[in-house]
Protein chains: 2
Amino acid sequence: MDLKLATQIGKCLSNQTRMQIMEWLKEPERNFPPHETLKHFNDGVCASYIQDKTKMSQSTISTYLTNMEKCGLLVMTRHGKWSYFKRNEKLIKAYTKYIIK
Amino acid sequence: MDLKLATQIGKCLSNQTRMQIMEWLKEPERNFPPHETLKHFNDGVCASYIQDKTKMSQSTISTYLTNMEKCGLLVMTRHGKWSYFKRNEKLIKAYTKYIIK
DNA sequence: CAAATATATCTATAATTCTCGATATATCAA
DNA sequence: TTGATATATCGAGAATTATAGATATATTTG
């Protein structure tokens, strides 16, 4: 973790929708309906379910998720035509360690 | 800690200069010269020393510090004509607890 | 292959943030 | 009180980010 990465993470976490997504992804089974094809949340939640819940446009949420994945906050796994996103707890922990004294 | 406050904190931590200030304030005696009037860093570091180190304008750094204090990241103490800023470890910890699963 | 579906990327405008100079306020020192 | 110094606030233009529609790409299905 360095200054640049930490500020990029801060940028992702400076928007209520994005922060809300991070919170929802703490408990996928609680916050999202079950996936119809995949029978689990092992790789997180598919982009369209996340989008539905935010009520924002597809392109906006896709951009959010892509950026959050680029800075490491989320991990993306593709299954067929679906993209699944889950929290990257390791990076989140590294970020919190960086800002704590 | 709630969604709104967490994103405000994220905003403060989304800028390299502000994040750098947070890092410097972890170790005032290491990163700043001793204060001439006050003989300690108990209340943190005075605004002008912080400004000097960033090489940015007085008004910009004053705005930064004021906003960081408003969202609780920093605690401000006034001694005479000087404003001293120190980290608010309690709030920082609350923020990290909020984002960690 | 063609159609349907999910996601990603491009482009442009709207909204917000950045940054500084100017100015105001507060305090100290003479 | 006057002048000097430290910090805060205001106002404006520059830079960045937000957001969505249009379009492109990728995958599945018939």
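Quantities reported herein were computed from a predicted structural model and do not represent experimental measurements. Numbers restart at 1 for each chain; the letters A, B, ... are given by sequence-line order, proteins then strands.
- Between B/F85 and B/A47 the shortest heavy-atom distance is CE1-CB, 4.0 Å.
- Between chain B and DNA chain D, the heavy-atom contact criterion of under 4.0 Å yields a 5' to 3' nucleotide range of D/dT5 to D/dT9.
- Remark: A/K86 fails to qualify as a cation-pi partner of A/F32 under the 6.0 Å distance and 45° angle criteria applied to the six-membered ring.
- In this structure the side chain of B/Y98 reaches within 4.5 angstrom of the side chain of B/L3, judged on heavy atoms.
- Using a 4.0 Å heavy-atom distance criterion, A/S48 is classed as a sugar-phosphate-only contact.
- Phosphate proximity of C/dC20 to B/T60: present, with a side-chain N or O under 4.0 Å from OP1 or OP2.
- The distance between atom CD of A/Q51 and atom P of C/dT9, rounded to the nearest whole Å, is 16 Å.
- The local environment of CD in B/E29 is crowded, with over 12 non-hydrogen atoms from other residues, nucleotides or ligands closer than 6.0 Å.
- Between the CG atom of B/L38 and the P atom of C/dC28 there is a distance of 13 Å, given to the nearest Å.
- When rounded to the nearest whole Å, the span between NZ of B/K11 and P of C/dT16 equals 9 Å.
- Residue-level contact check: B/S83 touches the backbone only, with heavy atoms under 4.0 Å from sugar-phosphate atoms and none from bases.
- Going from atom CG of A/L65 over to atom C1' of C/dT9 covers 14 Å, rounded to whole Å.
- When the side chains of ILVMFWY residues are joined at heavy-atom separations under 4.5 Å, either directly or via intervening members, A/I50 and A/Y84 end up in two distinct hydrophobic clusters.
- Among the atoms of the strands shown, only primed sugar atoms or phosphate atoms (P, OP1, OP2) are found under 4.0 Å from some heavy atom of B/Y64.
- For B/H79 and C/dC28, the NE2 to C1' distance is 16 Å, given to the nearest whole Å.
- In this entry the distance linking CD of B/Q16 with C1' of C/dC18 reads 14 Å, nearest Å.
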Please report, to 0.1 Å, the donor-acceptor pairs under 3.5 Å made by any side chain of residues 66-76 of chain A, with sequence neighbours excluded.
residue : atom : partner : partner atom : Å
A/T66   : OG1  : A/S62   : O            : 2.8
A/N67   : ND2  : A/T63   : O            : 3.4

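- Side-chain contact between B/K26 and B/N31 is absent, with no heavy atoms from C-beta onward closer than 4.5 Å.
- In this structure, of C/dC18, C/dC10, C/dC20, it is C/dC20 that holds the atom nearest to the side chain of B/M56.
- Comparing B/M76 and A/T63, the nucleotide of DNA chain D nearest to each residue sits closer to the 5' end for B/M76.
- Between the NZ atom of A/K81 and the C1' atom of C/dT5 there is a distance of 4 Å, rounded to whole Å.
- A straight line from CD of A/Q58 to C1' of C/dC10 spans 13 Å, rounded to a whole angstrom.
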